[in-house]
Amino acid sequence: MQDTSHASARRTPARALFERWFCVQGVDPRRTIAFGLLYFAIFSALTLLDGVAISMFVKRVGAEELPQYFGVIAIANLVAVGLYVPFAERFSSVRVFVGLAAGLSLSCLGAWWCLTDESASTAFYGSLYAAREVFQALFLLHFGTFLQRFFSRKQLKQVMPLVYAGGRVGGMAGGAVLTHAGASLGLVNLLLVAAVVALWVAGGAVALSLRFRPADDARDDEASTALDARAQEFDRRARESARGFFDALRRSPLLLWHSISGVAYIGCRYVLAFQYSTFFEGHFADEVELAAFLGVYAQVALGASLVLQLFLVTRLVRWVGLRGTQFGYAVCVMAALGLSAVHPTLAVAVFGRFVEQELRLGLRNPTNQLVLNFLSRPLRVRMRCWNAGVVTPVATMATSLSLGVATAAALPLAVPALGLAVGFAYFVSNRFMNLSYTEKTTLGQLVESKARRDEVRTRSGIRVGPVPAMARTPTLRLRSAI
């Protein structure tokens, strides 16, 4: 294994220019670029799969069938995360990542084999649509863990925007292939391209693991060692037992409202997806035309998302604060749902997809992660699994059932009314979540407000268990996990 640690890298003029241009220090440019290229390849394959799956599903199955497949996605996500967690705990992050990439390649190859027959069952198109959502969720869930093996905690805060920017560029490349090669090669054959790229990703991950040494993670446990004995015991219970985690969920207003807000947001996502997919179904003549349009859209939208992620997110948090940035995204969601309800046009459908996809990845997810960074590391890990394995599947299933009822009612205003309802629920719950912290909040303070309420209830004759003491954790840092 070759030693290419950060400390041993010589400070060349090119490295000095890299550090000055991207405002980073103590980071090896070669390592950062290598993992950025890996993320480029991942999102190239995922964008191809996304465009092919959506186009073929909308035109060959019909958008009216989306609610039941949202339910399939909910069950598939629940099963996938349930399998992912024990594998992630048992095997190294590199092995799990290689397994995900190989699984994506095999899935694309299997879909190509099944869909080359023009008389293929609609269930195959629905399965492809669900698989694309599951693989996106798993890669987003695991890639941060994969990076932690090769970058220290301090370095991750600097390089994540750069590495993730590679994914935006990869999405633009995948969109260009959709636009220019969809008609000539055929949409189904683009699945072969995605399979080859995913296989290259698996090989690239192995090569990078041999090329670069794992990072020194001694500093990753800084926050844990700073906690006193009682706080460490609380964190251990939150990490190792469901009861300990639910106790933390009950005691912290931030955790509670974060979960409620997540449920409402999943409802907004899938209502928006249903609305713009329904519009695309009637607006475009066939799946090739739709795929070409989605390719152009991906290039433009991901380019805008790239600029947003590299240059605007951090500045927005500095200018208007974390609360203001979260509030701005909630306003965008409400605007997309409102416009889709009163005046559905191509521009409105494109805006809805941009809010649901690109702004989610480029704005909402980074700032949402900054909110969770108020928590200690064990609670962050547990919250990530809670969100992916429980909140998202439950909310997806509830939205699936609600959309099924709304479409079965055959009332013109049923789906728009559902969208406005979940949008309002997200807006209100997001507001309460933002009120549960300030820019200087510490983990202990997140629990103190609950402790004070418990004290009042105790004086009223209601017995309440003791609140574990929690030491302070580092305050918010703007670049963490963007």
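Please read these numbers as outputs of a predicted model, since none were measured by experiment.
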Nearest-0.5 Å distance, [atom1] of residue [X] to [atom2] of residue [Y]:
{"X": "Ile266", "Y": "Tyr270", "atom1": "CD1", "atom2": "OH", "value": "6.0 Å"}
{"X": "Leu294", "Y": "Arg353", "atom1": "CG", "atom2": "CZ", "value": "5.5 Å"}
{"X": "Leu138", "Y": "Gln136", "atom1": "CG", "atom2": "CD", "value": "10.5 Å"}
{"X": "Ser305", "Y": "Leu359", "atom1": "OG", "atom2": "CG", "value": "7.5 Å"}
{"X": "Leu115", "Y": "Leu128", "atom1": "CG", "atom2": "CG", "value": "6.0 Å"}
{"X": "Leu106", "Y": "Leu199", "atom1": "CG", "atom2": "CG", "value": "8.5 Å"}

If you compare all heavy atoms of [X] against all heavy atoms of [Y], which two are closest, and at what distance to 0.1 Å?
{"X": "Ala298", "Y": "Met172", "value": "O-CG, 4.1 Å"}
{"X": "Val134", "Y": "Ala80", "value": "CG1-CB, 3.7 Å"}
{"X": "Ser259", "Y": "Leu249", "value": "OG-CD1, 3.6 Å"}
{"X": "Val271", "Y": "Val415", "value": "CG1-O, 4.4 Å"}
{"X": "Val342", "Y": "Pro344", "value": "C-CD, 3.8 Å"}
{"X": "Ala205", "Y": "Leu38", "value": "N-CD1, 4.0 Å"}

State, with a plain yes or no, whether a side-chain heavy atom of [X] is found less than 4.5 Å away from one of [Y].
{"X": "Ser93", "Y": "His142", "value": "yes"}
{"X": "Ser400", "Y": "Thr396", "value": "no"}
{"X": "Ile42", "Y": "Phe135", "value": "no"}
{"X": "Tyr265", "Y": "Arg360", "value": "yes"}
{"X": "Leu418", "Y": "Val405", "value": "no"}
{"X": "Val61", "Y": "Tyr129", "value": "no"}
{"X": "Gln68", "Y": "Leu403", "value": "no"}
{"X": "Pro393", "Y": "Ile75", "value": "no"}

Exactly one of Tyr297, Phe279, Phe293 should register a ring pair (Phe, Tyr, Trp, His ring centres under 6.0 Å) with Phe284. Which one does? Phe293
Does the ring center of Trp113 lie less than 6.0 Å from the ring center of Phe124? no
Would you please classify the geometry between the Phe143 ring and the Tyr164 ring as parallel, tilted or perpendicular, with 30° and 60° separating the classes? tilted
Under-4.0 Å salt bridge between Asp286 and Lys59: no
Check Arg60 with Glu287, please: is the shortest side-chain N to carboxylate O separation under 4.0 Å? yes
Where the side chain of [X] meets the backbone of [Y], is there a donor-acceptor pair that is under 3.5 Å apart?
{"X": "Thr392", "Y": "Ala388", "answer": "no"}
{"X": "Ser105", "Y": "Ala101", "answer": "no"}
{"X": "Gln326", "Y": "Leu322", "answer": "no"}
{"X": "Asn434", "Y": "Asn430", "answer": "yes"}
{"X": "Ser429", "Y": "Tyr426", "answer": "yes"}
{"X": "Ser436", "Y": "Met433", "answer": "yes"}
{"X": "Asn189", "Y": "Leu185", "answer": "yes"}
{"X": "Thr407", "Y": "Gly404", "answer": "yes"}
{"X": "Thr278", "Y": "Ala63", "answer": "no"}

For Phe43 and Phe139, what are the C-alpha separation, side-chain angles and deciding distance, and is it a ring-ring contact (aromatic ring centres under 6.0 Å, His included)? CA-CA 10 Å; Phe43 259 82; Phe139 273 110; 8.7 Å; no
Indicate whether any N or O donor in one side chain lies under 3.5 Å from an N or O acceptor in the other, for [X] and [Y].
{"X": "Glu65", "Y": "Tyr125", "result": "no"}
{"X": "Arg364", "Y": "Tyr329", "result": "no"}
{"X": "Glu356", "Y": "Tyr276", "result": "yes"}

Give the C-alpha distance, both sets of side-chain angles, the deciding distance and a yes or no for side chain to side chain contact (heavy atoms under 4.5 Å, CB included) between Thr399 and Val422. CA-CA 9 Å; Thr399 307; Val422 294; 6.0 Å; no
As a quick check of understanding, evaluate side chain to side chain contact (heavy atoms under 4.5 Å, CB included) for Phe424 and Val428, giving each step before the final call. CA-CA 6 Å; Phe424 180 75; Val428 172; 3.6 Å; yes
By side chain to side chain donor-acceptor pair (under 3.5 Å) - contacts of Glu64 (at least two apart): none
What do the steps show when you test Gln357 against Arg269 for side chain to side chain contact (heavy atoms under 4.5 Å, CB included), and what is the final call? CA-CA 9 Å; Gln357 283 285 342; Arg269 267 199 68 198; 4.2 Å; yes
Derivation and outcome, side chain to side chain contact (heavy atoms under 4.5 Å, CB included), residues Leu337 and Gln275: CA-CA 9 Å; Leu337 289 167; Gln275 289 175 318; 3.9 Å; yes
